[in-house]
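Note: hydrogens, waters and symmetry copies are ignored here, and every other heavy atom, side chains too, is used. Order of the sequence lines sets the chain letters (A, B, ...), proteins ahead of strands, with each chain counted from 1. Just so you know, these numbers come straight off a predicted model, no measurement behind them.
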Amino acid sequence: MDLESLLPRVTKPARYTNGEWNAVHKDAAHVRARVCLVYPDTYELGMSHLGLQILYHVLNSHPDFLAERAFAPWPDMERQLRDHGVPLMSLESRTPLRDFDAIGITLPYELTYTNILNVLDLAAIPARAADRGPDDPLVIGGGPGAVNPEPVADFFDAILIGEAEEAILDIAEAAALRDRDAALARLSEIPGMYVPSNYQAAFDGSGPKGSVTPRNGAPAQIARRFVAHLDDAPFPTGQIVPFLDTVHSRVTLEIMRGCTRGCRFCQAGAAYLPRRERTVETVLRQAEEAVAATGYDEVSLLAFTSVDYRGIEELVGKLVERLGGRGVGVSLPSLRADAFSIALANKIQQVRKSGLTFAPEAATDRLRRVIRKHTSEDELFAAAEAAFSSGWTRLKLYFMIGLPTETEEDVEAISDLVRRVVGFGRGALGSRAGRLRIAVSIASFIPKPHTPFQWVGQESREGLLRKQEILQRALRGRAIKLSWTDPGVSELEAAISRGDRRVGAAIEQARALGAAFDAWSEHFDFDRWARAFGEAGLDLHDYAHRTLDYNDPLPWDHISCGIGKDALQAEAERAFSEGDA
Amino acid sequence: MAQIICRYHKRDEVRWISHLDLKRTLERAMRRAQLPLALSQGHNPHPKISLSPPLPLGATGDAELFSVQLAEGMDPGELKQRINDSLPSGLEVMEAWVLPAHRKKETFGDIDIAQYSVTVKGEVDAARVSEHIADLMGQEELIVQRGGKRPPRSLDIRPFILSLALAQASEDGVELRMRLRTGSHGGARPQEVIELLALNGADRTITYHRTGLFAGAQLGAERASAGRSTGAPRAGRLHRWTRSRSSRERSESP
Ligand code: SF4
């Protein structure tokens with residue numbers, strides 16, 4: 001049975017076909033290496049991931065290499081593939097993944113790791129690197145999750161730590177050797193490349209305490225790879241235009257990478273340094289090219305904090321001026337809660353109505369000092385008022401609970417703050433107050449490697465649930481829409497993100513018990529994961545909740561993101577002393 | 001302002017994209033083609049495009065239609081060329097024509113009959129199929145279940161099957177032709193007819209191809225209820241939805 005005859009039996013068959021505008025079809029006979037780029041979640045999520053589009057573009061722009069794509073099949077398609085013995089194939093040429101020289105798998109976030117194992121299994125590639133033979137493709141990982149590669153280290157032949165757009169060609173060269181041992185030797189010479197088999201992991205009791213030591217002459221520490229100048233970095237203006245409605249159905253332009261605000265809970269801030277900007281001229285040129293090449297009617301400016309981009313006013317002004325007349329909108333997904341942001345948003349508003357999001361994260365000045373989120377209450381209120389008086393009726397507010405040193409007062413302050421924002425809204429909107437909608441999103445704090453809070457144990461699920469209840473009781477009313485992340489999901493995310501190499505066995509066990517698409521609430525089952533950790537001889541609780549000592553060896557000590565452990569510790573100590581002040 | 005109508009093919013892999021995705025795809029293709037699109041007013045300006053009734057997911061078609069409003073006139077030949085250069089493979093405009101300026105926006109609301117060619121590959125007893133067809137067409141009512149995710153409901157689709165015939169038979173299988181009511185006044189789906197004929201076995205490959213869109217069943221039905229005719233709406237005077245139809249030069253009796 002072929003894939004074609006399975007398509008009528010699944011939802012959204014277009015996830016498995018191709019022919020999208022700007023997709024590339026190359027002849028495998030005329031290249032030296034074939035790479036399949038895999039995103040371990042749905043097509044829609046994967047196609048919204050800029051990294052995948054960049055690597056696809058870089059590889060296919062090279063005459064000697066070819067890149068195709070594959071995604072995690074949804075459970076209905078997985079069943080069809082298994083029932084009919086059809087292997088997982090690439091979209092472009094429907095080539096079984098096994099037949100590629102290398103498989104490049106994105107590590108987007110911890111909850112996709114069972115999907116990685118599922119993809120390998122459907123492709124008939126052994127899950128563990130140690131079990132692969134000369135006929136198996138190289139399996140290479142990379143992406144945000146790589147800053148702690150240990151939980152998935154056993155599944156990969158090599159993992160690139162950091163940004164891949166330059167290293168990807170070296171990886172393809174290694175794949176072109178078409179000899180597993182020679183390729184691994186070549187891969188281990190690439191700066192930023194972690195070859196797990198060259199390292200020995202040791203453990204100390206249960207939980208994230210343990211070390212990883214090099215062997216075979218491998219370097220003791222792997223420094224995260226990053227591109228020096230964003231302006232020179234390759235960028236695809238001819239982005240693939242999916243038929244399906246994806247998370248981001250628009251042109252994505254990366255204006256800046258990295259963030260220097262240094263919020264102490266933030267792994268992205270710690271792991272994407274230094275801050276680099278594209279010039280206004282480059283972004284304008286790329287915007288014109290990308291709109292012409294894709295036909296999208298929206299251009300979205302990507303950065304962790306787009307208002308920190310130095311030329312933001314000039315850029316937004318010129319984009320609106322050039323694209324507005326053609327009905328092409330501009331969106332800024334990452335605004336700050338200040339008057340400048342509102343003025344900027346107003347400029348965009350001339351073209352398109354979009355929502356505003358503020359992320360104060362904590363509701364008291366004390367707790368904001370602890371996490372180093374420098375938005376004052378006055379600034380936030382001024383921004384909210386400015387937004388309402390400019391006609392916005394919808395606002396999103398992001399908070400976290402379970403932050404280090406947090407008390408019930410800090411949690412109650414969230415509801416006070418939200419109610420005051422609602423009050424401002426009612427006042428400013430007058431007769432239109434009925435349209436006011438404040439979406440309050442409550443996440444749970446997750447201790448992440450390479451941040452000053454990496455040593456802090458996560459608050460218990462019971463504690464987080466109690467805090468959620470406080471907010472649920474306090475935040476009612478027509479204008480407020482409250483949402484939160486499942487504390488079970490946060491606990492698992494904490495456990496895997498602080499995981500060591502043994503956690504890989506727990507991920508394997510979870511998959512064996514049926515876990516997949518764990519980031520999708522309808523598929524997530526905490527008890528299954530707790531059981532999987534148990535059956536692997538581990539305690540999920542210890543990985544998430546144990547508070548570590550500054551002197552403890554950590555499973556990710558051999559990965560350097562640029563900030564030394566001493567500096568992180570000093571930052572953590574500063575956080576706690578500022579919290580006491 | 002000018003309004004342009006295009007007849008196009010949908011085939012190959014793009015047959016797996018939904019109606020909504022198809023609409024977005026056409027919009028983006030026309031932006032890439034840098035056509036002088038007329039945009040709607042308001043905060044969220046968008047081009048004014050209408051499509052003929054949806055094809056079933058997985059079906060191909062070569063009588064599909066869309067209309068688009070342009071801010072300024074354009075030569076239909078050039079327009080066809082430019083759109084085709086910007087369309088993903090599997091979609092191709094076969095003809096394009098301009099409507100006179102006084103004509104209102106074409107939304108294809110009068111299309112109410114679709115003609116399909118359905119190929120069933122696999123072991124099929126053609127004589128049995130013929131008997132089965134005669135039997136079905138002789139029935140007073142044909143009940144199918146509809147619903148998808150919602151609780152199913154029963155529906156009589158007999159009035160919506162205007163014609164059904166075995167067009168070809170060979171060693172490889174059979175080809176059926178059928179003409180079905182479609183649109184807001186109710187309709188039958190080609191898959192339902194195939195199921196009624198019990199042709200949808202796992203060992204068979206079935207492909208659906210829409211070959212024509214017509215306007216006129218509604219007219220027939222009105223005549224019938226006015227007593228001038230009896231029985232199911234007879235396809236007495238249908239208008240095949242083509243270029244000549246929209247310029248009202250000629251109507252075709254199928
Ligand atoms: S939370 Fe945002 S502002 Fe703070 S460090 Fe992270 S990316 Fe930067």
Side-chain angles (χ1 to χ4, degrees), chain A residues 1-23 25 43-44 80 83-84 91-92 94 238-246 249-251 288-298 323-329 348-354 391, chain B residues 10-49 56-59 71 82-83 85-91 121-122 148-149 190-191 194 200-208:
Chain A
M1 184 140 312
D2 60 0
L3 187 73
E4 201 60 32
S5 37
L6 304 182
L7 293 174
R9 306 170 190 205
V10 299
T11 52
K12 301 200 184 178
R15 284 170 168 168
Y16 313 102
T17 64
N18 88 110
E20 310 103 309
W21 192 253
N22 289 333
H25 297 260
Y43 172 92
E44 292 92 316
Q80 294 292 336
D83 285 355
H84 297 98
L91 257 51
E92 282 79 358
R94 294 202 182 157
Q239 294 167 13
I240 297 173
V241 184
F243 293 116
L244 287 173
D245 202 10
T246 60
S249 291
R250 54 195 178 215
V251 169
E288 290 279 358
E289 279 176 27
V291 167
T294 62
Y296 279 125
D297 63 357
E298 185 175 340
L323 302 174
R326 283 181 257 162
V328 178
I348 297 167
Q349 186 76 341
Q350 294 165 358
V351 179
R352 182 139 316 186
K353 193 106 193 158
S354 56
Chain B
K10 185 188 187 193
R11 37 164 87 140
D12 307 332
E13 298 216 359
V14 288
R15 73 180 191 277
W16 297 110
I17 69 173
S18 71
H19 194 61
L20 200 65
D21 292 335
L22 175 67
K23 184 161 189 244
R24 261 194 303 267
T25 299
L26 292 173
E27 264 180 43
R28 288 174 188 154
M30 286 188 266
R31 284 182 188 279
R32 290 193 293 264
Q34 304 193 352
L35 301 185
L37 298 170
L39 299 178
S40 65
Q41 300 297 309
H43 269 308
N44 205 339
H46 53 89
K48 301 172 187 172
I49 298 174
L57 199 64
R82 274 173 51 185
I83 295 186
D85 289 346
S86 301
L87 278 175
S89 87
L91 294 173
K121 280 219 176 99
K149 283 179 191 148
Q191 297 96 319
I194 293 300
N200 54 324
D203 49 339
R204 301 198 175 109
T205 312
I206 304 167
T207 49
Y208 298 90

* Asked: Which one, A:Gly19, A:Ser5, A:Pro8, leads in non-hydrogen pairs under 4.5 Å with chain B?
  ->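 Between A:Gly19, A:Ser5, A:Pro8, the count favours A:Pro8.
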
Looking at [options], which one has more heavy-atom pairs under 4.5 Å with chain A than the rest?
options                            : value
B:Leu87, B:Asp21, B:Leu57, B:Leu20 : B:Asp21
B:His46, B:Met30, B:Arg32          : B:Arg32
B:Glu27, B:Arg24, B:Gln34          : B:Arg24

* With a 4.5 Å heavy-atom cut-off, do B:Gln191 and B:Asn200 have their side chains touching? ->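 Sidechains of B:Asn200 and B:Gln191: no contact.
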
* Asked: A:Glu298 versus A:Val251: any side-chain heavy-atom pair under 4.5 Å?
  ->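 A side-chain contact under 4.5 Å is absent here.
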
* Could you give me the CA-CA distance, side-chain angles and deciding distance for A:His25 and A:Asn18, then say whether side chain to side chain donor-acceptor pair (under 3.5 Å) is met? => CA-CA 10 Å; A:His25 297 260; A:Asn18 88 110; 3.0 Å; yes

Which region of [X], side chain (C-beta onward) or backbone (N, CA, C, O), has a non-hydrogen atom less than 4.5 Å from a non-hydrogen atom of chain B, or is it both or neither?
X        : value
A:Ser249 : both
A:Arg9   : side chain
A:Ala23  : neither

* Check each atom of B:Thr25 against the heavy atoms of chain A and say whether the ones under 4.5 Å are side chain, backbone, both or neither. =>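 For B:Thr25, side-chain heavy atoms alone lie under 4.5 Å from chain A.
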
* Pair B:Glu13 + A:Arg94, salt bridge at N-O below 4.0 Å ->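 Between A:Arg94 and B:Glu13 there is a salt bridge, with a charged N closer than 4.0 Å to a carboxylate O.
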
* Salt-bridge present (A:Glu4, B:Arg15; N to O < 4.0 Å) ->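 A salt bridge links A:Glu4 with B:Arg15.
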
* Does NZ or CZ of B:Arg28 fall inside the cone over A:Trp21's six-membered ring, less than 6.0 Å from its centre and within 45° of the axis? ->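 The answer is no; the distance or angle limit is not met.
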
